[in-house]
Amino acid sequence: MQRTGRRMFVLSLAAAAALGLGPLAAAQEKPAWQAGVARVKITPEKPIWMSGYAARNRPAEGKLTELWAKALVLQDAKGRRVVLVTLDLVGVDRRFGLEVRQRIARELGVPLAAVALNCSHTHTGPVVGENLRPTYALDEEQTQQIAQYTRWLKGRVVQAARQAAAALAPARVGWTEGRATFAVNRRNNREADVPRLRRQGKLRGPVDHRVPVLVVQSLQGKLKAVVAGYACHATVLSFYLWSGDYPGFFQLALEEDHPGAVALFVAGCGGDQNPLPRRKVEYAKEYGRRLADAVNQAMKKGLQPLKPTLEFQYREVPLALAHVPSRRELQQDLKSKNVYIVRRAKLLLEQLDRQGRIPGEYPYPVQSWLLGGELLWVFLGGEVVVDYSLRLHRELEGPLWVAGYSNDVMAYIPSLRVLREGGYEGARAMIYYGLPSPWASDVELRVVEEVHRQARLLGRKVRQTAGNQR
Ligand SMILES: [Zn+2]
């Protein structure tokens with residue numbers, strides 16, 4: 001039955017397309033969505049310090065592509081709104097994320113739960129706020145420049161949301177899913193071996209090659225906005241030019257294919273995924289094009305229309321750290337030969353002096369939106385490894401989109417498996433983020449339990465599976 005229904009839906013789409021109507025026109029009789037989209041340039045006007053790589057020894061030297069803040073506002077039939085802002089940035093810290101979301105929530109009259117920020121994790125963007133601070137050797141002038149840029153950026157992001165809300169107009173909203181295969185599990189494959197392993201079909205380790213796509217059309221069927229997700233680091237490029245990396249080239253490619261439409265990129269659970277091979281501009285362009293092609297193909301295949309209803313949940317769950325160092329331990333760290341451990345110790349000692357303690361838990365943001373009573377869109381903070389997306393897809397019934405790098409990029413978020421294996425994503429990266437130790441062993445459990453809780457509140461069935469041990 002379902003199969004026949006699906007086929008008829010696709011046929012009716014083809015008929016609608018032949019009549020010059022958009023693919024969503026035939027299926028939605030009474031559209032009551034309102035949607036608005038806007039974009040604002042956030043490329044730094046000065047050559048400030050770049051984020052993502054510790055090895056850089058000088059500020060930016062120019063620009064390959066612009067960097068963007070793009071905002072999509074959706075309003076349902078009852079007037080409830082959500083605001084998604086995508087950013088061509090490596091990450092933002094908790095203070096930045098909260099302040100900007102609160103300002104947007106106030107201006108647009110929506111709850112904090114209805115505002116989501118997502119960072120593309122481009123490694124050729126600027127340092128923002130305190131994000132990854134121990135990674136960089138900044139002098140006083142550079143620190144000032146970053147503070148100045150961060151203030152300016154906050155205003156720009158709020159402006160993007162404001163403009164999107166001002167552009168609200170009747171719309172149809174649908175979703176679909178494509179596939180792209182350039183993400184490789186970087187923990188399980190040596191970078192130099194990847195071309196050979198790929199040829200031989202021997203790439204190892206978990207990946208998530210889904211490309212979830214949200215499509216917004218005008219009532220006349222004109223494409224207004226396309227949001228697409230992918231679980232992979234934006235680390236093709238590592239040089240001294242501003243660029244959106246492959247997510248930036250994806251947005252350019254899709255906007256070239258559909259003049260007048262705005263493309264937004266949402267980073268998924270790509271904490272342990274790299275685009276390989278890499279380090280050439282051609283690769284960034286190629287992966288962007290492949291993502292755009294995947295989106296175009298998925299849209300052609302047919303869109304699932306979404307009813308104009310919105311629901312949302314948000315909570316910060318305390319994630320425990322494995323160990324809180326004493327003042328003596330931090331003073332020992334000041335003598336380390338590892339410059340990043342020294343910088344982290346300085347920051348933590350300052351925190352200890354200021355606040356009297358180093359917290360043993362971190363307030364971790366988990367957010368869920370339900371679109372059309374159907375598509376569950378989960379936004380997780382931090383650099384979430386791919387295991388989370390795969391697990392949640394097994395455990396949550398129905399259409400699901402899991403984003404990482406949302407609202408606050410405070411650290412890597414390893415699964416229990418990755419935490420136990422250790423290495424960069426499991427342990428070492430905590431130093432670059434300025435956190436005092438790896439996460440405690442219940443990190444995966446706490447994150448997944450909160451997603452389950454929100455999913456149930458939104459009426460979604462949760463399948464219990466093994467792997468809930470602490
Ligand atoms: Zn990363």
Side-chain angles (χ1 to χ4, degrees), residues 42 51 69-74 81-108 110-122 125 128-133 150 153-154 156-158 160-161 164 214 227 229 231 234 247 264-271 310-319 361-371 376-385 388-389 392 401-413 433-435 439 443 446-448 450-451 453-455 458:
I42 56 168
S51 192
K70 295 181 177 176
L72 174 66
V73 177
L74 294 175
R81 289 177 178 181
V82 290
V83 188
L84 169 70
V85 182
T86 62
L87 299 162
D88 291 330
L89 295 173
V90 84
V92 295
D93 62 38
R94 172 175 166 76
R95 192 197 292 186
F96 182 99
L98 264 184
E99 186 189 323
V100 166
R101 289 172 65 224
Q102 279 161 353
R103 280 170 65 179
I104 292 172
R106 252 198 323 271
E107 279 208 27
L108 272 60
V110 299
L112 196 65
V115 185
L117 306 183
N118 183 274
C119 299
S120 73
H121 203 46
T122 175
V128 176
E130 299 297 313
N131 182 246
L132 281 163
R133 188 46 71 88
T150 302
L153 176 66
K154 285 176 186 167
R156 300 289 281 177
V157 176
V158 176
L214 188 83
V227 191
L264 298 88
F265 176 82
V266 166
C269 300
L310 283 170
E311 291 170 80
F312 30 78
Q313 293 289 331
Y314 177 75
R315 188 191 261 185
E316 291 170 359
V317 286
L319 286 194
E361 290 178 330
Y362 191 93
Y364 178 77
V366 177
Q367 184 175 26
S368 311
W369 293 351
L370 189 68
L371 276 65
L376 182 64
W377 202 346
V378 177
F379 298 92
L380 299 173
E383 301 206 40
V384 186
V385 301
Y388 284 87
S389 170
L392 291 168
W401 183 336
V402 188
Y405 300 89
S406 301
N407 299 319
D408 173 8
V409 184
M410 78 301 288
Y412 277 82
I413 304 299
Y433 275 103
L435 286 167
W439 297 112
V443 55
R446 290 198 191 189
V447 174
V448 168
E450 177 57 21
V451 176
R453 193 189 70 85
Q454 294 188 6
L458 294 170

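None of the values given here were measured: they were computed from a predicted structure. Sequential numbering from 1 along the given sequence is applied to the chain's residues.
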Residues Leu435 and Ala411: closest non-hydrogen pair is CD1-CB, 3.6 Å
Heavy-atom pair with the smallest gap, counting every atom of Val82 and Phe312
CG1-CD2, 3.6 Å
Taking all non-hydrogen atoms of both residues, which atom of Ala69 and which atom of Val157 are closest, and how far apart?
CB-CG2, 4.4 Å
Are any of the side-chain heavy atoms of Tyr314 and Val366 separated by less than 4.5 Å?
no
Test side-chain contact (heavy atoms from CB on, under 4.5 Å) applied to Ala164 - qualifying residues, sequence neighbours left out:
Ala38, Ala71, Val73
Quick one: CZ on Phe96 to CG on Asp408, what's the gap to the nearest 0.5 Å?
11.5 Å
Over all heavy atoms of both residues, which pair between Asn407 and Ala116 is shortest? Give the atoms and the distance, please.
OD1-CA, 3.5 Å
Student check: side-chain heavy atoms of Val128 and Ser51 closer than 4.5 Å:
no
When you look at Thr86 and Asn118, which way does the side-chain hydrogen bond (donor to acceptor under 3.5 Å, both in side chains) test go after all the steps?
CA-CA 5 Å; Thr86 62; Asn118 183 274; over 6 Å; no
What distance separates Glu361 CD from Trp439 CH2, expressed to the nearest 0.5 Å?
10.0 Å
Listed once per pair and sorted, the side chain to side chain donor-acceptor pair (under 3.5 Å) pairs that draw on residues 87-98, sequence neighbours left out
Asp88-Gln251, Arg94-Glu316
If the condition is salt bridge (charged side-chain N to carboxylate O under 4.0 Å, His left out), which residues does Glu99 pass it with, not counting sequence neighbours?
Arg103, Lys154
Mind listing the closest non-hydrogen atom pair of Met410 and Pro365 along with its distance?
CE-CD, 3.7 Å
Scanning both residues in full, the closest heavy-atom pair of Gly229 with Trp401 reads N-CZ2, 3.5 Å
Counting C-beta onward and ignoring hydrogens, is there a side-chain heavy-atom pair between Leu370 and Leu310 closer than 4.5 Å?
no
With Val90 as reference, evaluate Val409, Asn131, Thr122 under the side chain to side chain contact (heavy atoms under 4.5 Å, CB included) test and give the passing residue.
Asn131
Results of side-chain hydrogen bond (donor to acceptor under 3.5 Å, both in side chains) for Gln454 - residues two or more places apart only
Ser368, Glu450
Atom pair OH/CD1 of Tyr362 and Ile413 - distance to nearest 0.5 Å
9.0 Å
I'd like to know if the side chain of Trp369 reaches the main chain of Val115, judged simply by a donor and an acceptor atom lying under 3.5 Å from each other, with no hydrogens or angles considered.
no
If you measure from CG on Leu87 to OG on Ser120, what distance do you get to the nearest 0.5 Å?
8.0 Å
Pairing residues for Tyr412 by the side-chain hydrogen bond (donor to acceptor under 3.5 Å, both in side chains) criterion, not counting sequence neighbours
Arg186, His233, Glu383
CH2 of Trp377 to OG of Ser406: how many Å apart, nearest 0.5 Å?
9.5 Å
Test of understanding: with salt bridge (charged side-chain N to carboxylate O under 4.0 Å, His left out), list the residues that count as partners of Arg81, not counting sequence neighbours.
none
Would a 4.5 Å heavy-atom cut-off, applied to side chains only, mark Leu214 and Leu74 as touching?
yes
